[in-house]
Amino acid sequence: MRLILLGPPGAGKGTQAQRLVATHGLVQLSTGDMLRAAVNAGTPVGLRAKELMARGELVPDDVVVAIVSDRIDEPDAHKGFILDGFPRTVPQAHALDRMLREKGLKLDAVIELKVDEGILLDRIERRIAETKARGEPLRADDDPQVLHRRLLAYRDQTAPLATYYQLQNVLRSVDGMAPIPEVSRAIDRMLKARSGERAPAGKAPPQAEKPGKPPVPTPARKSATGKAAASPPAGAKTPAVAAAKASAKTKVPKAPAKAPKTKAKTKANSKPKAKTKAPKSARRASAARKPPSRKSNRPRRLTKRH
């Protein structure tokens with residue numbers, strides 16, 4: 001699990017980071033602690049950071065990202081880590097994303113603790129008064145003016161990170177003004193929901209069958225002995241139903257295609273039909289009824305028949 005905690009000074013990031021470390025076995029990575037550890041170890045990046053700090057210069061982003069990269073590669077950070085105090089600007093967030101992509105990693109969530117700055121100032125003033133009443137020394141950040149300057153710096157430089165990570169769909173906001181146990185429970189719920197989103201999709205649960213129409217009771221059949229046969233249980237297939245379903249599933253063979261018509265005629269059809277002659281008596285009767293032609297008045301010439 002790889003997390004970033006966002007929030008202004010006094011929002012309770014340190015308290016929640018310690019609880020997450022104890023609960024999930026993560027490593028809290030603070031840029032200040034990592035810089036000091038790199039300098040003490042004498043690593044190439046640590047020596048470069050030491051020279052810059054000795055001259056009073058700010059450590060550039062590429063050096064800070066290189067220190068974070070080396071720290072992530074250590075065995076205790078393989079299970080997960082929480083970045084505290086880094087990134088502080090959008091360019092640092094871009095550099096962090098590039099470094100994680102090169103390692104094949106990505107952030108699981110960026111948790112933003114949203115607070116009211118006016119209430120934070122009241123809290124610091126109350127804490128100062130309580131510390132003085134107990135006779136204890138004040139912390140370096142127990143100063144309302146110092147806190148006000150740090151809030152302004154956070155608003156100008158770090159607050160835009162919320163929009164940057166919101167566009168990546170990894171930002172989760174929590175009401176930091178709630179009591180500490182409630183804030184812790186809200187963070188746990190968000191992490192659980194986030195892990196559920198990233199879990200691989202398994203098999204879908206079996207869907208409940210839609211209630212259909214109730215079966216129509218069939219009349220009891222009488223057996224050969226005359227007694228009524230027991231009706232089959234609900235859902236059981238009767239032989240008739242099974243046979244009907246089997247016949248419905250069988251495919252009906254398609255009719256063979258019709259043979260194409262040929263223009264060739266058979267010998268029986270090729271012969272001309274013989275004309276039947278009427279009998280002679282019928283021809284004579286029709287000739288007698290037919291009137292003579294008007295074209296010629298000449299008498300017909302009679303010829304002998306042989």
Return yes when atom CD of Gln145 has more than 12 non-hydrogen atoms of other residues, nucleotides or ligands closer than 6.0 Å, and no otherwise.
no

Within a 6.0 Å radius of atom CG on Leu152, are there more than 12 heavy atoms belonging to other residues, nucleotides or ligands?
yes

Derivation and outcome, side chain to side chain donor-acceptor pair (under 3.5 Å), residues Thr89 and Gln157:
CA-CA 6 Å; Thr89 62; Gln157 299 178 3; over 6 Å; no

About how many Å separate [atom2] of [Y] and [atom1] of [X], when rounded to the nearest 0.5 Å?
X	Y	atom1	atom2	result
Glu117	Leu151	CD	CG	4.5 Å
Tyr165	Leu167	OH	CG	12.0 Å
Met177	Lys114	CE	NZ	13.0 Å

Less than 4.0 angstrom from a charged side-chain N to a carboxylate O is my criterion; do [X] and [Y] meet it?
X	Y	value
Arg127	Asp122	no
Asp97	Lys106	no
Arg185	Asp188	no

For side-chain contact (heavy atoms from CB on, under 4.5 Å), just list the numbers for Leu29 and Val27, CA-CA rounded to whole Å, side-chain angles, deciding distance to a tenth of an Å, and then say yes or no.
CA-CA 6 Å; Leu29 303 182; Val27 177; 3.5 Å; yes

Work out which heavy atom in Pro87 is nearest to a heavy atom in Ile4; give both atom names and the distance.
CD-CD1, 3.6 Å

For residues Val183 and Ala178, report the shortest heavy-atom separation together with the two atoms involved.
CG2-O, 3.5 Å

Do His78 and Asp73 pass the side-chain contact (heavy atoms from CB on, under 4.5 Å) test, and can you show the C-alpha distance, the side-chain angles, and the key distance before you say yes or no?
CA-CA 7 Å; His78 289 173; Asp73 291 337; 5.6 Å; no

Which one of Met34, Lys50, Arg48 satisfies the side chain to side chain contact (heavy atoms under 4.5 Å, CB included) criterion with Val39?
Lys50

Between Arg88 and Thr158, is a side chain to side chain donor-acceptor pair (under 3.5 Å) present by the stated rule, with each step listed?
CA-CA 5 Å; Arg88 292 182 181 273; Thr158 311; 5.4 Å; no

